[in-house]
Amino acid sequence: MNTTHRPRTRRRTSGTVLAGALALLLAVSGCSSKADNGGDKGGDAADGVRTGPGVSAKTIKLGALTDLTGPYATLGKSIVQAQQMWADETNAKGGICDRKIEIVVKDHGYDVQKAVTAYADISQDVVAMPQVIGSPVVAALLDDIERDKMLTFPQAWAASLLGKDAVQVIGTTYDVDMIAAVDFLTRTKGLKKGDKIGHVYFEGDYGANALEGSTWAAKKAGLKVVDQKIQATDTDLSAQVSALRKEGVKAILISAGPAQTASLVGVAASRGLKVPVVSSAPGFAPQLMKTPAAPALAAMLHIVSAAPAVSSDLPGVQQMVKAYQKKYPDSPVDSGVLSGYNAAQLMGADLKKACEEGGLSREDVVKAHRSQKNADTGLGTPQDFSDVDRPASVETYVLKPDAKAVGAVVNAEDAHTAPGVEDYLSAR
């Protein structure tokens, strides 16, 4: 997440990736995989199914490039455990295509160079990756992933990751969610033409993409965005709150991490800037509701998200939560659990479809994935994977913190397509 904001046009090159990651990629591309495998080099198994890297007569190996020791370690642990739970459930039912699922986990600690090395280590041994944490990590690996035809589900939602056949952003993108955030503020919080809204955001693809959405929606609504760019290392947002208060903002958007959201809301409340705040999904974690900022978060914050709250009454979500709590009784149930389990189920559906079509090569798995136009796991909104240039869904949930709920968050509004989203996507 390290690019500066700039208009993005529809394209299939990796030109939108951050400059630093590009430089790194150029420096290490000569050793970023063990061999130029050109995708798949396999044959037919005894059962007549085409195979390739990561697939044997008995196993299907999937890869996870995650963060277990860096800033998103809590998220990474939740996703890893949720996907292992799915693998165990799947294997208990006989696996997929008469093969057991294995997940090879590599921790990159949210370090791009470590992630590139980790990808090189596993790229010959897995057929697909249902988890890669971090926009900058995925950005640095885009060319390798495309070359290897490695179906990859990022745990990142920057629109700059669209346009690649083998890379699938699940759900909405940050810009679509911010359009929904502005719509939520104008519908429910009394914002009107001429009002100012603040937007505090991480430098990089994440924040820049979120700012694209908020700026577009604000212009349509006759609002003015006062933007405040911050670094991931900025954890005291007192200066940003002071600047926004001076500007007289009537609401604030934030696209950063949980620590930044807690600081922003806590400082704003203490200084009398008690305005509504809406966060992008990565900006909230249930642990925040056990901090001194909890009362202010409960009073002021909403979250826009592609996924429902884990406290949702959707039967699929309730079943997942019950199973996770039984398997991992000492681990909190958070958005990472839902996101990871959903991605694993979607990957499983792709593998089953590819098997039915007679092949489990990487190319077969990507083809099966792109044929899915109404993939529905029962954990949120249906997904359309047929257009590489569009988000898989354009429906956004609005969530609200609640310390007493599972995952410390509840649904405030069900998934819906905000007014103007289709116009925005058509115009970009």
Side-chain angles (χ1 to χ4, degrees), residues 1-2 21 24 28 32 54 61-89 101-123 125-126 128-141 144-145 150 152-158 161 167 170 202 204-206 232-233 235 256-262 281-288 290 307 310 320-321 323-325 327-345 347 407-408:
M1 306 176 191
N2 299 327
L24 174 62
V28 302
S32 61
K61 290 187 178 181
L62 302 173
L65 299 183
T66 192
D67 179 7
L68 297 175
T69 54
Y72 291 98
T74 300
L75 175 71
K77 180 181 178 181
S78 294
I79 296 170
V80 166
Q81 291 186 164
Q83 294 192 338
Q84 187 59 54
M85 182 175 78
W86 165 81
D88 292 344
E89 292 171 348
I101 301 297
E102 293 183 15
I103 302 179
V104 181
V105 178
K106 294 285 186 178
D107 172 29
H108 57 58
Y110 212 74
D111 182 299
V112 172
Q113 186 170 2
K114 289 181 180 178
V116 170
T117 300
Y119 180 82
D121 287 343
I122 69 169
S123 61
D125 301 324
V126 300
M129 297 193 296
Q131 177 197 165
V132 179
I133 284 184
S135 294
V137 169
V138 183
L141 295 173
D144 283 355
I145 290 169
M150 179 90 73
T152 297
F153 294 165
Q155 290 290 326
W157 294 267
L161 300 177
V167 177
I170 296 174
F202 274 165
D205 283 2
Y206 165 27
T233 53
T235 55
Q260 290 75 23
T261 300
F284 180 81
Q287 291 82 358
L288 295 186
K290 296 181 180 180
V310 290
M320 178 206 70
V321 169
Y324 189 84
Q325 289 175 326
K327 190 174 183 68
Y328 304 108
D330 297 326
S331 295
V333 183
D334 57 20
S335 62
V337 175
L338 179 57
S339 180
Y341 194 76
N342 184 50
Q345 284 203 323
M347 183 66 75

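A quick note: this is a predicted structure, and the numbers were derived from the prediction, not measured.
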Practice task
Begin with the C-alpha distance, continue with both residues' side-chain angles, and end with the deciding distance and a verdict on side-chain contact (heavy atoms from CB on, under 4.5 Å) for Thr66 and Val105.
Solution key: CA-CA 7 Å; Thr66 192; Val105 178; 3.8 Å; yes
How far apart are the C-alpha atoms of Gln131 and Leu65, what are their side-chain angles, what is the distance that settles it, and do they pass the side-chain contact (heavy atoms from CB on, under 4.5 Å) test?
CA-CA 6 Å; Gln131 177 197 165; Leu65 299 183; over 6 Å; no
Met150/Leu141 under side-chain contact (heavy atoms from CB on, under 4.5 Å): CA gap, chis, key distance, verdict
CA-CA 11 Å; Met150 179 90 73; Leu141 295 173; over 6 Å; no
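There is a side-chain donor-acceptor pair under 3.5 Å between Ser78 and Asp334. Checking Ser331 against Gln81 by side-chain atom types alone, a donor-acceptor pair falls below 3.5 Å. Side-chain contact, Tyr328 with Gln84: no donor N or O sits under 3.5 Å from an acceptor N or O.
Nearest heavy atoms, Leu68 versus Gly76: CD2-C, 3.7 Å. Closest approach of Thr261 and Gly283 over heavy atoms only: OG1-O, 2.7 Å. Nearest heavy-atom pair across Val116 and Ala140 is CG2-CB, 4.3 Å. The minimum heavy-atom distance between Leu338 and Met320, with the atom names listed, is CA-SD, 3.8 Å. Between Phe284 and Gly407, the shortest heavy-atom contact is CE2-O, 4.2 Å. Counting all heavy atoms, side chain and backbone alike, Ala87 lies closest to Ile101 at CB-CG2, 4.0 Å.
With sequence neighbours excluded, the residues satisfying side-chain contact (heavy atoms from CB on, under 4.5 Å) with Pro258 are Ala285, Leu288. With sequence neighbours excluded, the residues that form a ring-ring contact (aromatic ring centres under 6.0 Å, His included) with Phe153 are His369. Applying the side-chain contact (heavy atoms from CB on, under 4.5 Å) test to Ser335 and every residue at least two apart in sequence or in another chain returns nothing.
Looking at Tyr206 and Pro136, their side chains never come closer than 4.5 Å, going by heavy atoms from C-beta outward. Residues Tyr119 and Val137 are not in side-chain contact: their nearest non-hydrogen atoms beyond the backbone lie 4.5 Å or more apart. Gln260 is listed as a side-chain neighbour of Phe202, based on a closest heavy-atom distance under 4.5 Å.
With His108 contributing its side chain and Ile133 its backbone, the two residues share a donor-acceptor pair below 3.5 Å.
Between Gln155 atom CD and Ile79 atom CD1 the span is 3.5 Å, to the nearest 0.5 Å. Here the CE-CD1 distance, from Met347 to Ile103, works out to 9.5 Å after rounding to the nearest 0.5 Å. The CD atom of Gln83 lies 10.0 Å from the CG atom of Asn342; values are rounded to the nearest 0.5 Å. To the nearest 0.5 Å, atom CE of residue Met85 and atom OH of residue Tyr341 are 4.5 Å apart.
Met129 pairs with exactly one of Ile122, Val138, Leu62 by the side-chain contact (heavy atoms from CB on, under 4.5 Å) rule, that one being Ile122.
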